[in-house]
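Atoms considered below: every heavy atom in the structure, side chains included; atoms not considered: hydrogens, waters and symmetry mates. Here is the naming used below: chain letters follow the sequence lines, and residue numbers restart at 1 for every chain.
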Amino acid sequence: MSLSATTRPDSRDARTRSDLVAERVRWAAGARLILDGVDVTAPVGAVTGLLGPNGSGKSTLLRIVAGVQRPDGGKVALVDHDAADDLLAMPRRRRARTLAFVEQDASTDLPVTVLDAVLLGRTPHRGVLAGPSNDDRRIARGALERTDALDLADRDVGTLSGGERQRVHLARALAQQPRVLLLDEPTNHLDIAAQLATMRLVRSLAGESVTVLAALHDLSLAAATCDHVVLLAPGPDGGRVAAAGPVDEVLVPEVVDPVYGVRTTVLRHPRSGRPVLTFDE
Amino acid sequence: MSDVRAPARPGRAVVTGMIAMAALVLSVVVAVTIGPAELAPADVWHVVATRLGVGDALGFATPDRLVDGMVWQLRLPRVLTAAAVGGGLAVCGVVMQALTRNSLADPYLLGLSSGASLGAACVLVLGATVLLPVAAFAGATAALAATLGLAAAAGRGSSGGVGGSTPTRTVLAGLAVGQLAAAATSFVIFWSAKGDQYREILSWLMGSVAGATWTSVAIAGGAALVLGTLLASTGSLLDAFTFGDTAAAALGVPVVRVRWLLLVGVALLTGALVSQSGSIGFVGLILPHAVRLVVGARHRALLPLSALCGATFLVWADTLARTVFEPRELPVGIVTAAIGAPVFALLLWNRRSSA
């Protein structure tokens, strides 16, 4: 156990130079097509925002990439220069060591401490029936430290604020030591300070060559924090990719207006120079 | 160099476990000495020692035949069966609560016990006693499927849409299934009963270990040891369900397969236990909640501790049942219901404030 933990920094560089690529992903709920041939590329070491109105299939796409839901068609892979690692065909425990998924509003009625919640992230790294080892505890505490939540370790998850809980869920994901981090609306229900703190944390994780794909609702927040964005548009035949690319190319009125049915004005943030979007009917 | 080992958090659970184990052994030893017949504790242990073949070594004379029969044929099997049933039901409760993410889940409330009773009663009426555990298992499985199916179907029509079965809806479905199975059990016995066999209706519906024999000990104890141990070893898997199915799947757990395997295990164990004791309520509900208050929600500690405490609990509940209104005997289910129903009400009350 200790071997995997100590050798990680070296092996990590060697194994993480690959992009997350989803190709022609299709999924239908009964007769209703939710995703219709969606292509998404999330480059390594960057934050890719998955945008789109309600019903455009953002969450569904994340669940498919996470392997939680089977698509009706399409491929999801980690692509290195020439080698591709098929994520959908990967054994689930190996996939859970490769990729972590933080879903929206995950909660529990059970009295669980923060440390125990984060230790769940070690599940795919140990025997199916085994309990957490001391190494697991060390890694879990490290993950909590990384998300600035170590002082919460002994608290009950049910007593945390929204922002604190989100940091704990991120720590649980980090305890999986993933190459890819999937986040479904990580700033949902958070106050502004907690939103910014969460996105700053996500950005710094990307800086450690974790590939981040995050579904986001707030376009200005996406514009401020993402490197790339993929804009999904709902349609009668399911969600499709309306545009994908750098923030400055996708978050412009010509692309955003028809997808959301609003009139967009793009301003410049006076200090960061990033786009800020405002909307009229 | 400082001690880098993480603080020994499991230590508390291990100590609690040893205390619980000691309490169970002590309870069995003491409970066999309590009862209507005027038997001194020394006489009782005397019989047990002789039967275990260590009587000569301890210098005991051969015990009186009447005393021997009372202790070895009546009391000891009864106490051991109660321990097996209590421990097994508590494990079933924990597993069901984790898998359905429903703090109100329990083999009795979700109708499994009543289903198992029905299966057992049918077989007894037909005279095929050999099939007793099998029929009880079939009954428990059918009842479980009916309850979960009904809860999911009832959920589909509602505004909730996808998720379907809320805890409340599942308990209501369990109530419907349980009542139907209980009515059917009464009917089966009513239709076929001769003389005072009506009393049997009560022992199936309320649960009782009054008629326990060494065969009961073998079936209930064997099932509790084998299936109970298997189920109790799945703590890590159950922990992965803490934040729901999606989170468990994202942690690499084959959610559907695990759920079905473990629920079938629960139905098997419930069937085996109920075939010997009838449907004893609330054990799977009270004990896990009480133990959680002490050691927290981690299943690796919760499962074995609930088993030990459940066994101790039912040993004493049954001792109460056979002594409070001496010489009358209550079905033990009345005692567990008297304690369990208020606990259930308290749980509902707490849910109300959090929902």
Side-chain angles (χ1 to χ4, degrees), chain A residues 29 59 62-63 66-69 90-113 115-117 119-138 140-141 154 156-158 168-169 172-173 175-176 178 182 184, chain B residues 3-10 13-14 94 97-98 100-104 161-162 167 229-258 288-289 292-303 347 350-351 354-355:
Chain A
S59 293
L62 283 184
R63 289 170 60 83
V68 173
Q69 197 164 309
M90 197 180 271
R92 40 186 119 224
R93 284 165 61 77
R94 207 182 124 211
R95 184 167 58 219
R97 294 192 292 267
T98 308
L99 179 149
F101 177 38
V102 179
E103 58 179 325
Q104 224 182 110
D105 300 328
S107 67
T108 182
D109 293 339
L110 294 171
V112 192
T113 68
L115 184 61
D116 285 335
L119 275 169
L120 293 180
R122 300 304 297 162
T123 306
H125 289 271
R126 58 175 193 242
V128 175
L129 298 182
S133 66
N134 285 335
D135 259 330
D136 289 335
R137 285 192 193 88
R138 198 171 44 71
R141 296 186 83 86
D154 296 322
D156 187 317
V157 172
V168 171
H169 284 313
R172 177 164 57 91
Q176 286 173 251
L182 303 172
D184 194 358
Chain B
D3 188 4
V4 291
R5 293 225 313 243
R9 284 161 46 79
V14 170
V94 175
Q97 284 152 26
T100 60
R101 294 190 82 215
N102 179 350
S103 58
L104 302 177
V162 207
T229 307
L230 278 176
L231 287 172
S233 68
T234 59
S236 277
L237 278 175
L238 295 183
D239 278 342
F241 282 82
T242 303
F243 289 101
D245 286 9
T246 301
L251 291 172
V253 174
V255 171
V256 177
R257 205 182 316 154
V258 165
H289 283 284
R292 246 182 230 119
L293 291 179
V294 181
V295 296
R298 281 168 300 143
H299 287 98
R300 287 172 56 77
L302 180 60
L303 282 163
L347 288 172
N350 285 342
R351 292 182 57 80
S354 68

How far does [atom1] of [X] sit from [atom2] of [Y], to the nearest 0.5 angstrom?
X: A/E103; Y: B/D245; atom1: CD; atom2: CG; result: 9.5 Å
X: A/L110; Y: B/R292; atom1: CG; atom2: CZ; result: 6.0 Å
X: A/R122; Y: B/L251; atom1: CZ; atom2: CG; result: 11.5 Å
X: A/L62; Y: B/T246; atom1: CG; atom2: OG1; result: 12.0 Å
X: B/F243; Y: A/R172; atom1: CZ; atom2: CZ; result: 5.5 Å

Heavy-atom check, side chain of A/L129 versus side chain of B/S236, under 4.5 Å: no
Validation row: A/T108, B/R101 side chains within 4.5 angstrom (heavy atoms): yes
Residue A/R63 versus chain B: region with a heavy atom under 4.5 Å: side chain
Side chain, backbone, both or neither of A/R95 within contact of chain B (heavy atoms, under 4.5 Å): neither
Qualifying salt bridge (Lys or Arg N to Asp or Glu O under 4.0 Å) pairs with a residue from residues 234-244 of chain B, counting only residues at least two apart or across chains: none
Pairing residues for A/Q176 by the side-chain hydrogen bond (donor to acceptor under 3.5 Å, both in side chains) criterion, not counting sequence neighbours: none
Non-hydrogen atoms of A/R93 and B/G252 that approach each other most closely: CG-O, 3.6 Å
Closest non-hydrogen atom pair between B/A297 and A/P111, with its separation: CB-O, 3.5 Å
Chain B interface, residue from A/A130, A/A100, A/A66, A/A106 that has the most non-hydrogen pairs under 4.5 Å: A/A130
